[in-house]
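One structure is given below, encoded as structure tokens.
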Amino acid sequence: MKAKRMAAAALAGMMLLCTACGQEEETGEAAPTGTAVEVTEVTAGPMSASYSLTGKVAAVNEVQVFPLLAGQVLTLSVEEGDTVTRGQTLLTVDTSTVTSTMGALQESYSATKAATDSAVSSAQLSVDQAQLGVEQAQLGVEQAEQAVENVEALYEVGAAAEQEVTQAQQALEQAQSALEQAETSKAQAQAGVEQARAQQSASLAQIQASMDQITTQAALGSVTAPCSGTVTAVNVVRGGMASSAQPAVVIAENGAIEVAASVAEDVFVDLAVGDTVDVLISVLSDEPIEGTISELPVAANVQTSLYDVSVSLPSDAAPPIGAFATVTFYTERRDNTISVPTEAVLTGADNEQYVFVVDSYAEGDTAVRIPVETGLVNATNTEIVSGLAEGDRVVVKGQSYLTDGALVRIVTGADDLPADTAPAAEDDAAADGED
């Protein structure tokens, strides 16, 4: 029995040994060596510094339309976003309070005209009567003159006495005096006509001026567009009140729009009219469109101390006025620079900046720590002034876990990086920090 147990134990031991040998063979396969990294090849090309700011879509020329007559809004024919033409009626305001006295004025005008017409007619009748008296007096003068001639002729031949001549001359003088009185009466009557007509004209003109004023004010109840364009704001409602102190409607003249953004002085000094910018308006698209700086101010805004920059948009871009936009300005443009993704640049002791490049040796790909001098920095890249050349392979992922001379293996895509890279790399990074 004891011999059987010993044989069984020996067999079990052999089986365990064989199993262990098999496992050793299975796990003895050569594991990948080196830290997994991603690289990019250094190239030369244009670059510029970029600054992204929040702007707002606004009208190039915003025209505020004020009602010139306060009152209740009777009609409202436009709303935000409508396109209007010059002279188009936007709204009407109740004018009943203005025109309420028009009827009474019209009645007063008619009554005044009738009364003054009667006074003029009466004065004209006096003129006509005075004219008749003048004509009769002129006839009397003519008859007296003829009588004087006849008596004087008779007196010359001795057929009439001197006394008769004197009497005839006196009669002529009386006739002439009567004519003068008749002409004076006519002139007075004529003056009365002119006075009556002047009074009529003054009275009617005063009433007419009041009616014209009412008509003019009533015309102000119709509010029209002073220009063509797009309605950007409507500040009244039908049935509500319109005030001459607040714009009822705001119009973007000719529908022209721009993006307004405020920049700091250090950015402003590098901008010029005609520079292109990227404008991202999320309500339109997830992709930016190209805008152009159309106007630069001569001075900073006194309230914000920033410079208000105007950016024009392509003619086919029609974002709603008031929409927010992200504007990216590009400054310090350079045509031929070497740059790498910003995340590839690391900072060591004493703020030294460096990158890792991959060189190939007999023992495999090796990470080499290269000190660099940087220049421009934008949203994605950093300019390398010195330290790199075109064609260098710079580590862009996994670089934080490397030390100078460490073996690496180049992979593509984040999914290829092993999950256990980070812990080992942290040890490498710590060692790098001690160096």
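- Neither side chain, Ser228 nor Thr85, offers a donor N or O lying under 3.5 Å from an acceptor on the other.
- Put simply, the side chain of Ser360 reaches to within 4.5 Å of the side chain of Asp365, judged on heavy atoms.
- Within the structure, ring pair (Phe, Tyr, Trp, His ring centres under 6.0 Å) pairs that include any residue of residues 88-118 do not occur (at least two apart or interchain).
- With sequence neighbours left out, Ser203 forms a side-chain contact (heavy atoms from CB on, under 4.5 Å) with Thr112.
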**OP:** Verify side chain to side chain donor-acceptor pair (under 3.5 Å) between Gln72 and Asp94, making sure each step is shown before the conclusion.
**Re:** CA-CA 5 Å; Gln72 185 179 31; Asp94 182 18; over 6 Å; no
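- Considering every non-hydrogen atom in both Leu376 and Met47, the closest pair reads O-CE, 3.4 Å.
- Residues passing the side-chain hydrogen bond (donor to acceptor under 3.5 Å, both in side chains) test with Thr342, sequence neighbours excluded: Thr382.
- Not a single donor-acceptor pair under 3.5 Å links the side chain of Asn301 to the backbone N or O of Leu306.
- The closest donor-acceptor contact from the side chain of Ser121 to the backbone of Asp117 lies under 3.5 Å.
- The two residues Val327 and Val259 make their nearest non-hydrogen contact at CG2-CG1, 3.6 Å.
- By the 4.5 Å heavy-atom criterion applied to side chains, Gln353 and Glu373 are not counted as neighbours.
- Residues forming a side-chain hydrogen bond (donor to acceptor under 3.5 Å, both in side chains) with Asp392 (at least two apart in sequence, or on another chain): none.
- Of the possible polar contacts, none joining the Thr337 side chain to the Pro46 backbone as a donor-acceptor pair under 3.5 Å is found.
- When side chains are defined from C-beta on, Leu313 counts as touching Ile281, because their heavy atoms get closer than 4.5 Å.
- At distances below 3.5 Å, at least one donor-acceptor pair connects side-chain atoms of Ser100 with backbone N or O atoms of Thr97.
- Rounded to the nearest 0.5 Å, atoms OG (Ser50) and CZ (Arg333) are 10.5 Å apart.
- Not counting sequence neighbours, Asp82 has no partner by the salt bridge (Lys or Arg N to Asp or Glu O under 4.0 Å) test.
- With Arg86 contributing its side chain and Pro226 its backbone, the two residues share a donor-acceptor pair below 3.5 Å.
- Here the shortest heavy-atom pairing between Ala130 and Ala189 reads CB-CB, 4.4 Å.
- With Tyr330 as reference, Asp278 is the one residue of Thr276, Asp278, Asp270 to meet the side-chain hydrogen bond (donor to acceptor under 3.5 Å, both in side chains) rule.
- In terms of heavy atoms, Gln217 sits closest to Leu69 at O-CD2, 3.6 Å.
- When the side-chain contact (heavy atoms from CB on, under 4.5 Å) test is applied to Ala44, the partners found at least two apart in sequence or on another chain are Asn336, Ile338, Glu390.
- Side-chain contact check for Gln88 versus Thr224: every heavy-atom pair is 4.5 Å or farther apart.
- No more than 12 heavy atoms of other residues, nucleotides or ligands lie within 6.0 Å of CZ in Arg197, so this atom counts as exposed by the packing criterion.
- Under a cut-off of 6.0 angstrom, the local environment of CG in Asp266 is crowded, with over 12 non-hydrogen atoms contributed by other residues, nucleotides or ligands.
- The shortest distance between side-chain heavy atoms of Val63 and Val250 does not fall below 4.5 Å.
- In this structure, the side chains of Val355 and Val395 stay at 4.5 Å or more apart for every pair of heavy atoms.
- For Glu62, the salt bridge (Lys or Arg N to Asp or Glu O under 4.0 Å) criterion is met by no residue, not counting sequence neighbours.
- With contacts defined as side-chain heavy-atom distances shorter than 4.5 Å, the pair Val234/Val231 qualifies.
- Inter-residue side-chain proximity for Val340 and Leu388 is flagged as met; some heavy-atom pair is nearer than 4.5 Å.
- With Thr292 as the fixed residue, the side-chain contact (heavy atoms from CB on, under 4.5 Å) test singles out one of Ser312, Pro314, Ser310: Ser312.
- Shortest non-hydrogen contact noted between Ala70 and Ser243 is CB-CA, 4.4 Å.
- Every residue two or more places apart in sequence or in another chain that forms a salt bridge (Lys or Arg N to Asp or Glu O under 4.0 Å) with Arg334 is listed here: Glu332, Glu383.
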**OP:** Quick one: do Leu132 and Gln129 satisfy side-chain contact (heavy atoms from CB on, under 4.5 Å)? Show the steps, please.
**Re:** CA-CA 5 Å; Leu132 181 60; Gln129 291 175 345; 5.6 Å; no
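- When all heavy atoms of Pro341 and Val396 are compared, the closest pair comes out as CG-CG1, 3.9 Å.
- Residue Glu80 qualifies as enclosed at atom CD: its count of foreign heavy atoms under 6.0 Å is above 12.
- Residue Ile384 holds its CD1 atom at 11.5 Å from CD1 of Ile370, rounded to the nearest 0.5 Å.
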Original post:
Stepwise, does the side-chain contact (heavy atoms from CB on, under 4.5 Å) test hold for Ser244 with Leu68?
Top reply: CA-CA 5 Å; Ser244 56; Leu68 298 180; 6.0 Å; no
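- Listed by chain and residue number, Gln208 satisfy the side-chain hydrogen bond (donor to acceptor under 3.5 Å, both in side chains) test with Asp212 (two or more places apart in sequence, or in another chain).
- Residues meeting the ring-ring contact (aromatic ring centres under 6.0 Å, His included) test with Tyr307, sequence neighbours left out: Phe268.
- In this structure, Ser122 contributes its side chain and Ser118 its backbone to no donor-acceptor pair below 3.5 Å.
- In this structure, CG in Asp275 is found 11.5 Å from OG in Ser294, a value given to the nearest 0.5 Å.
- Annotation: the span from Gln399 atom CD to Thr35 atom OG1 amounts to 11.5 Å, rounded to 0.5 Å.
- For Gln131, the side-chain contact (heavy atoms from CB on, under 4.5 Å) test picks out Glu135, Lys186, with sequence neighbours left out.
- Distance check, rounded to the nearest 0.5 Å: CD of Glu253 to OG1 of Thr230 gives 11.0 Å.
- The distance from atom CZ of Arg369 to atom OG1 of Thr403, rounded to the nearest 0.5 Å, is 10.0 Å.
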Original post:
What's the verdict on side-chain contact (heavy atoms from CB on, under 4.5 Å) for Phe356 and Val37, showing C-alpha distance, side-chain angles and the deciding distance?
Top reply: CA-CA 10 Å; Phe356 282 101; Val37 297; over 6 Å; no
Subject >> Criterion side-chain contact (heavy atoms from CB on, under 4.5 Å) on Val368 and Asp404, from CA distance to verdict >> reply: CA-CA 5 Å; Val368 180; Asp404 190 24; 4.1 Å; yes
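- Within the structure, ring pair (Phe, Tyr, Trp, His ring centres under 6.0 Å) pairs that include any residue of residues 50-89 do not occur (at least two apart or interchain).
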